[in-house]
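A note on names: the letters A, B, ... follow the listed sequences, proteins ahead of strands, and every chain is numbered from 1. A quick note: this is a predicted structure, and the numbers were derived from the prediction, not measured.
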Protein chains: 2
Amino acid sequence: MAENSATGARPDDFESRLRAAGIRITRPRKIILEILGDKADHPGAAEIYRRAQRIDPSISLATVYRTMKLLEDFGAVHRHAFDGGPSRFEVVDGDHHDHLIDLDTGKVIEFHSETIERLQEQIADELGYDIEHHRLELYGRKRRER
Amino acid sequence: MAENSATGARPDDFESRLRAAGIRITRPRKIILEILGDKADHPGAAEIYRRAQRIDPSISLATVYRTMKLLEDFGAVHRHAFDGGPSRFEVVDGDHHDHLIDLDTGKVIEFHSETIERLQEQIADELGYDIEHHRLELYGRKRRER
DNA sequence: AGACTAGTTGCAAACGATTTGCATTTGCAT
DNA sequence: ATGCAAATGCAAATCGTTTGCAACTAGTCT
């Protein structure tokens, strides 16, 4: 059955884009796309696997990894390894942003600073480099002002 | 500029600091400290192991890892996982800096921008967070202007 | 609808990086 | 020198991730 989530998940978009690229939409992939559609957090492979299993227990972790790789190569997903930990994934929806990781909860907050972006470009330029991509992560804890 | 070390290594500094903290200076540790004294690059555990073995073939990889952990906890070393790869280490020598990683060679260039630092603080502040540490990595390739 | 086939799956085994249990050695204070 | 807690080397264990392979499907072509 086709369920429409009012929260903004539109896996159909992805499905058609993938189809257009000649990528098969299989049952596992459909489920994973559905999960990623949430966009609420930055789940790791194990978490995606757990959620997928609740929908279809026959899904394997290997397929989760393979699908994430596929989506990453396709450019639909970004992979992060915050503080050297296991990979966590994030759906790419156009706008670039950086991350503030809550050290207590692991929660990820997104932010963007055009000024910082420009400064990065400038620095790389002065060093004679072209930036391919970059990674800015702030690790912190909620301010506890009493 | 600061002081310069012609041949580079001054492990004695570290040794005394570690001794003062009640940490035993064993043969393997002495060797690893000597290697880290170079500060020329950002070697990974395997590379440190390789270099250590050239000095004393009996050193084990496990000890390299244990020692790096020790030094990291001691605050003498920082651990990086550039682009999700294996850990690479860097001696901490006071001044903070960020990194530009040459995607072709893996070489790491250090830089620092007080402006960026301040902007980061400001952003975290606006989000209600105190920064514990942060990580800014630029990944790029040497500009090939002909 | 049935058949075909290349792409995809699940499983388990393989993998690379790192950690750990344990018996043996060693630093270093006595 | 002696003693003992701490550190070592080794091998096995762990974690996250990838891969080989035989069985299975999605999408296509009748």
Side-chain angles (χ1 to χ4, degrees), chain A residues 11-12 14-33 35 42-50 52-74 77-89 106, chain B residues 11-12 14-35 42-50 52-74 76-89 106:
Chain A
D12 306 71
F14 264 105
E15 286 193 23
S16 32
R17 279 180 47 202
L18 290 166
R19 272 213 172 79
I23 292 168
R24 283 195 197 170
I25 303 304
T26 64
R27 183 157 160 65
R29 284 177 185 170
K30 205 177 285 233
I31 291 173
I32 290 171
L33 286 175
I35 290 168
H42 296 59
E47 176 60 22
I48 294 172
Y49 174 54
R50 224 171 291 128
Q53 277 205 312
R54 285 210 293 269
I55 301 172
D56 177 353
S58 76
I59 281 184
S60 78
L61 182 54
T63 293
V64 172
Y65 276 108
R66 278 189 284 234
T67 302
M68 297 323 292
K69 180 85 166 346
L70 177 84
L71 294 175
E72 191 187 4
D73 291 349
F74 188 67
V77 147
H78 278 172
R79 177 190 300 252
H80 301 285
F82 299 128
D83 255 349
S87 296
R88 296 174 62 177
F89 303 91
Chain B
D12 306 71
F14 264 106
E15 286 192 24
S16 33
R17 279 180 48 203
L18 290 167
R19 270 211 174 79
I23 292 168
R24 284 194 195 170
I25 302 305
T26 63
R27 182 158 161 65
R29 285 178 185 169
K30 206 177 283 233
I31 291 173
I32 290 171
L33 286 174
E34 195 181 315
I35 290 168
H42 297 59
E47 177 60 22
I48 294 172
Y49 174 54
R50 223 170 293 127
Q53 277 205 312
R54 286 209 294 267
I55 301 172
D56 175 355
S58 77
I59 281 184
S60 78
L61 182 56
T63 293
V64 171
Y65 275 110
R66 277 189 284 233
T67 301
M68 297 323 292
K69 181 87 166 344
L70 177 85
L71 295 175
E72 190 188 4
D73 291 348
F74 188 67
V77 147
H78 279 172
R79 178 191 298 255
H80 301 285
F82 299 128
D83 255 350
S87 296
R88 296 174 62 176
F89 304 92

- Message: Using OP1 and OP2 only, check whether a side-chain N or O of A/Thr26 sits under 4.0 Å from D/dA26.
- Response: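 It does not, given that no N or O in the side chain of A/Thr26 lies less than 4.0 Å from OP1 or OP2 of D/dA26.
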- Item | Short side-chain N/O contact to D/dT17 OP1/OP2 from A/Tyr65, under 4.0 Å |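 Affirmative; the distance criterion is met.
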- Task: Can you label the angle between the B/Phe82 ring and the B/His80 ring as parallel, tilted or perpendicular, going by 30° and 60°?
- Result: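 If you compare the ring of B/Phe82 with that of B/His80, the planes turn out parallel.
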4.5 Å side-chain heavy-atom contact, [X] and [Y]:
| X | Y | value |
| --- | --- | --- |
| B/Arg66 | B/Leu70 | no |
| B/Tyr65 | B/Met68 | no |
| B/Leu18 | B/Leu71 | yes |

- Message: Need the pair for C/dA1. Rule: Watson-Crick or G-U wobble, both distances under 3.5 Å, any strand; none if unpaired.
- Response: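 In the structure as shown, C/dA1 has D/dT30 as its Watson-Crick or wobble partner.
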- Across all strands, who's sitting opposite D/dG16 as a Watson-Crick or G-U wobble pair, both distances under 3.5 Å?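 Paired with D/dG16, as far as the under-3.5 Å criterion goes, is C/dC15.
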- Task: Using a heavy-atom cut-off of under 4.0 Å over every strand shown, decide if A/Arg19 touches base, sugar-phosphate, or nothing.
- Result: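 Sugar-phosphate, no base atom in range.
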Round to a whole Å and report the spacing from [atom1] of [X] to [atom2] of [N].
| X | N | atom1 | atom2 | answer |
| --- | --- | --- | --- | --- |
| B/Glu72 | C/dT18 | CD | P | 11 Å |
| B/Arg88 | C/dG16 | CZ | P | 19 Å |
| B/Asp83 | C/dG16 | CG | P | 20 Å |
| B/Ile31 | C/dT26 | CD1 | P | 13 Å |
| B/Ile25 | D/dA6 | CD1 | P | 15 Å |
| A/Leu70 | D/dT18 | CG | P | 13 Å |
| A/Tyr49 | D/dT18 | OH | P | 16 Å |
| A/Arg24 | D/dT28 | CZ | C1' | 10 Å |

- Task: State plainly whether the residues B/Lys69 and B/Glu72 are in salt-bridge range, i.e. N to O under 4.0 Å.
- Result: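 Result for this pair is no, no salt bridge flagged.
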- Query: Taking NZ, NE, NH1 and NH2 as the nitrogens, is one of them in A/Arg19 or A/Glu15 under 4.0 Å from a carboxylate oxygen of the other?
  - Reply: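 Judged by the 4.0 Å cut-off on N to carboxylate O distance, A/Arg19 and A/Glu15 do form a salt bridge.
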- Message: Using heavy-atom distances to pick each residue's nearest nucleotide on DNA chain C, tell me which of A/Pro28 and B/Ala45 is more 5'.
- Response: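 The residue whose closest nucleotide sits nearer the 5' end is A/Pro28.
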- Given that A/Leu61 and B/Ile23 both sit by DNA chain C, which one's nearest nucleotide is further toward the 5' end?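 It is A/Leu61, whose closest nucleotide lies nearer the 5' terminus.
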- Query: Quick one: does A/Arg27 reach the base of D/dA26 with a side-chain donor-acceptor pair under 3.5 Å?
  - Reply: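 By the distance-only test, no, there is no pair.
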- Query: Is B/Arg29 side chain donor-acceptor paired with the D/dA7 base, going by distance under 3.5 Å alone?
  - Reply: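 Looking at the base of D/dA7, it does not pair with any donor or acceptor on the side chain of B/Arg29 (distance under 3.5 Å).
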Of all the nucleotides listed ([options]), which has the minimum atom distance to the side chain of [X]?
| X | options | result |
| --- | --- | --- |
| A/Pro86 | D/dT8, C/dT8, D/dG16 | D/dG16 |
| A/Arg66 | D/dC10, D/dT17, D/dG20 | D/dG20 |
| A/Ser60 | D/dG27, D/dA11, C/dG10 | C/dG10 |
| A/Ser87 | D/dT17, C/dA17, D/dT8 | D/dT17 |

- Where each residue is assigned the nucleotide of DNA chain D containing its nearest heavy atom, which of B/Thr67 and A/Lys69 is assigned the position nearer the 5′ end?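 The residue whose closest nucleotide sits nearer the 5' end is B/Thr67.
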